[in-house]
Number of protein chains: 2
Amino acid sequence: MALFLSTYANKIDRKGRVSVPASFRVALSDQAFQGIVLFRSHSHMCLEGFGQASMEELSNRLDHFDLFSAEQDDMATAIFGEAVALPFDGDGRIILPADLIDFAKLDEQAAFVGLGKKFQIWSPSEFGARRNEARKNVKDKGLTLPKEVAA
Amino acid sequence: MALFLSTYANKIDRKGRVSVPASFRVALSDQAFQGIVLFRSHSHMCLEGFGQASMEELSNRLDHFDLFSAEQDDMATAIFGEAVALPFDGDGRIILPADLIDFAKLDEQAAFVGLGKKFQIWSPSEFGARRNEARKNVKDKGLTLPKEVAA
DNA sequence: TAATTATCCATGATATACCATAGATATCCA
DNA sequence: TGGATATCTATGGTATATCATGGATAATTA
């Protein structure tokens with residue numbers, strides 16, 4: 001399955017190492033770059049995670065803005081300028097940079113939250129509230145998935 | 001026929017293993033990922049079950065929202081963040097995670113309820129009431145099926 | 001050479017794969 | 001049509017492999 005699913009809380013050791021969930025790694029196993037790409041979320045105190053292929057799709061979406069436009073420039077700077085590529089070590093772990101650990105308020109554990117084509121990394125305690133909020137929003141606002149339009 | 005039909009009550013052993021009804025497995029036999037995907041229902045005390053293909057369609061529907069938008073984020077968190085992919089063992093069984101067993105109030109048995117392209121897993125006792133409610137609603141409100149929409 | 005980073009190895013817990021059995025259903029042949 | 005046989009399904013138990021994690025050693029780099 002090439003989607004990121006479920007939520008896994010893994011431990012951050014004292015060197016900043018964390019195991020990327022095995023199922024996430026298989027979802028990325030066909031990619032040239034064996035690792036993940038991380039950058040700060042713009043809406044939450046968490047990190048956004050992508051595979052290499054998804055970063056290219058992100059880039060394509062950016063093309064909907066005019067090149068040299070303020071929006072394009074801002075988005076590109078905020079995403080690509082900040083993004084870090086973190087390769088897996090031999091055991092499927094990455095090393096989280098200290099500034100990203102600080103930003104997401106991570107301490108003992110890192111919660112990998114699968115969101116389909118991307119994922120997020122949260123402090124487990126913070127994510128509890130976020131998950132409840134998301135559930136509530138889906139229920140209250142009656143959010144449903146639009147029928148797929150013909151491609 | 002690639003539809004989930006009928007209701008089957010199978011036993012949950014002490015390790016949380018349950019046989020997925022054979023007819024459900026046949027409906028999924030053409031998929032690359034041999035297993036099912038489960039997540040909490042947003043409206044009932046039951047689990048929603050899908051095959052891999054349906055999950056990918058869900059993911060594609062999500063793409064109609066802007067990436068990083070609040071709606072996209074909420075739905076992805078509430079669906080993919082909670083979903084678990086459960087592969088069949090050699091005998092067509094899955095292992096139900098403890099938190100999902102709790103959520104659906106399952107004890108001895110799990111009732112697999114075929115709903116066409118998806119299915120649900122209920123506590124057999126709870127489902128009795130739910131079935132009656134559904135029948136009553138259809139009768140009272142005179143619910144009918146709309147014509148098939150053009151693809 | 002000291003400090004930092006990367007690679008390698010060990011281990012316990014957990015999940016996966018494997019094997020066995022019984023009951024039910026379907027098939028086949030007389 | 002009836003009975004025997006074979007097949008498939010559900011279920012239980014056991015052995016094996018994988019994963020997450022910690023530490024140690026080797027390789028870089030300042």
Side-chain angles (χ1 to χ4, degrees), chain A residues 1 4-29 33-38 49 84-102 106-114 119 121-124 127, chain B residues 1 4-29 31-38 49 52 83-102 106-114 119 121-124 127:
Chain A
M1 160 125 17
F4 300 113
L5 293 182
S6 307
T7 298
Y8 305 87
N10 286 344
K11 195 168 183 184
I12 306 175
D13 71 12
R14 93 187 80 146
K15 299 177 198 169
R17 293 186 300 186
V18 206
S19 284
V20 175
S23 70
F24 283 27
R25 272 157 26 213
V26 272
L28 295 169
S29 55
F33 170 66
Q34 282 301 292
I36 63 176
V37 177
L38 290 184
V84 285
L86 306 173
F88 299 140
D89 69 10
D91 303 315
R93 286 179 290 198
I94 54 163
I95 299 182
L96 285 173
D99 57 324
L100 292 187
I101 291 185
D102 290 347
L106 302 175
D107 50 322
E108 288 281 313
Q109 295 207 311
F112 288 76
V113 182
F119 61 91
I121 297 179
W122 285 80
S123 160
F127 179 65
Chain B
M1 153 155 11
F4 302 113
L5 295 180
S6 306
T7 297
Y8 306 85
N10 286 344
K11 191 171 183 183
I12 307 175
D13 72 13
R14 95 186 78 146
K15 295 180 199 164
R17 292 187 298 190
V18 207
S19 285
V20 175
S23 70
F24 284 27
R25 271 153 34 209
V26 190
L28 295 169
S29 55
Q31 309 213 164
F33 171 66
Q34 282 301 294
I36 63 174
V37 177
L38 291 184
Q52 180 189 22
V84 284
L86 306 173
F88 298 140
D89 68 9
D91 305 312
R93 286 177 292 194
I94 54 161
I95 301 181
L96 285 173
D99 57 324
L100 292 187
I101 291 185
D102 289 347
L106 302 175
D107 50 321
E108 289 282 314
Q109 296 209 311
F112 288 76
V113 182
F119 62 92
I121 296 180
W122 285 81
S123 160
F127 179 64

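Within every chain, numbering begins at 1; the chains are lettered A, B, ... in the order of the sequence lines, protein sequences first and strands thereafter. The figures here come from the full heavy-atom set of this structure, side chains too, leaving out hydrogens, waters and symmetry mates.
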Undergrad: Do the non-hydrogen side-chain atoms of B:Phe119 and B:Ile121 ever get within less than 4.5 Å of each other?
TA: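 Contact flag for B:Phe119/B:Ile121 side chains = yes.
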Undergrad: For A:Val18, answer base if it contacts any base atom (sugar-phosphate contacts may also be present), sugar-phosphate if it contacts only those atoms, and nothing otherwise; contact means non-hydrogen atoms under 4.0 Å.
TA: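 No contact.
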Undergrad: Send over the distance from A:Phe88 CZ to D:dC19 P, rounded to a whole Å.
TA: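 Result: 12 Å.
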Undergrad: Apply the test side chain to side chain donor-acceptor pair (under 3.5 Å) to residues B:Ser23 and B:Tyr8: give CA-CA distance (whole Å), side-chain angles for both, the deciding distance (0.1 Å), then the verdict.
TA: CA-CA 10 Å; B:Ser23 70; B:Tyr8 306 85; 3.1 Å; yes
Undergrad: What salt bridge (Lys or Arg N to Asp or Glu O under 4.0 Å) pairs are there with at least one residue in residues 15-28 of chain B, not counting sequence neighbours?
TA: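 Salt bridge (Lys or Arg N to Asp or Glu O under 4.0 Å) check on residues 15-28 of chain B returns B:Asp13-B:Arg17.
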Undergrad: Does the side chain of B:Asn10 reach to within under 4.5 Å of the side chain of B:Pro21, using non-hydrogen atoms?
TA: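 B:Asn10 vs B:Pro21: side chains touch.
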Undergrad: To the nearest 10°, let me know how far the axis at one end of the helix from C:dT1-D:dA30 to C:dA30-D:dT1 is tilted from the axis at the other, five pairs an end.
TA: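 Both end axes considered, the difference amounts to 50°.
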Undergrad: Could you tell me how far apart A:Leu96 (CG) and D:dT21 (C1') are, to the nearest whole angstrom?
TA: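 Atom CG in A:Leu96 sits about 15 Å away from atom C1' in D:dT21.
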Undergrad: Determine whether A:Leu28 and A:Phe33 make a side-chain contact, defined as any pair of heavy atoms from C-beta on separated by less than 4.5 Å.
TA: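 Result no, sub-4.5 Å side-chain heavy-atom pair not found.
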Undergrad: Mind calculating the distance between CD1 (A:Ile94) and P (D:dT21) to the nearest angstrom?
TA: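 So the two atoms are 12 Å apart, to the nearest Å.
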Undergrad: Are any of B:Arg25's side-chain N or O atoms less than 4.0 Å away from OP1 or OP2 of D:dA10?
TA: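 Yes, within the criterion.
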Undergrad: Do B:Phe112 and B:Thr7 come within less than 4.5 Å of each other through their side chains, counting heavy atoms only?
TA: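 When only atoms from C-beta onward are counted, B:Thr7 and B:Phe112 do not touch, as no gap falls below 4.5 Å.
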Undergrad: Looking across every strand, which nucleic acid part, if any, lies under 4.0 Å from A:Pro21 by heavy atom: base, sugar-phosphate, or nothing?
TA: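 Sugar-phosphate, backbone atoms only, no base.
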Undergrad: What is the distance from CD of A:Gln109 to C1' of D:dA20, rounded to the nearest Å?
TA: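 From A:Gln109 CD to D:dA20 C1': 11 Å.
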Undergrad: Could you go over nucleotides 12-14 of chain D and give all protein N or O partners under 3.5 Å, atom names and distances?
TA:
| unit_1 | atom_1 | unit_2 | atom_2 | d |
| --- | --- | --- | --- | --- |
| D:dG12 | OP1 | B:Lys11 | NZ | 2.8 |
| D:dG12 | N7 | B:Arg93 | NH1 | 2.8 |
| D:dG12 | O6 | B:Arg93 | NH2 | 2.7 |
| D:dG13 | OP1 | B:Arg14 | NH2 | 2.9 |
| D:dG13 | OP2 | B:Arg14 | NH2 | 2.6 |
| D:dG13 | N7 | B:Arg17 | NH2 | 2.8 |
| D:dG13 | O6 | B:Arg17 | NH1 | 2.6 |
| D:dT14 | O4 | B:Lys15 | NZ | 3.0 |

Undergrad: Atom CG in B:Leu106, atom CD1 in B:Ile12: separation rounded to 0.5 Å?
TA: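 Interatomic distance, B:Leu106 CG to B:Ile12 CD1, rounded to 0.5 Å: 4.5 Å.
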Undergrad: May I ask you to say what A:Ile95 touches in the nucleic acid, namely base, sugar-phosphate or nothing, with a heavy-atom cut-off under 4.0 Å?
TA: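 A:Ile95: backbone/sugar contact only, no base atoms under 4.0 Å.
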Undergrad: Figure out the OH/P separation between A:Tyr8 and C:dA13, and round it to whole Å.
TA: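 To the nearest whole Å, that distance equals 21 Å.
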Undergrad: Are A:Ile95 and A:Leu86 packed together at the side-chain level, in the sense that at least one heavy-atom pair is separated by less than 4.5 angstrom?
TA: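 Result no, sub-4.5 Å side-chain heavy-atom pair not found.
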Undergrad: Decide yes or no for A:Leu38 and A:Leu96: does some side-chain heavy atom of the first lie under 4.5 Å from some side-chain heavy atom of the second?
TA: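 With C-beta onward as the side chain, the pair touches.
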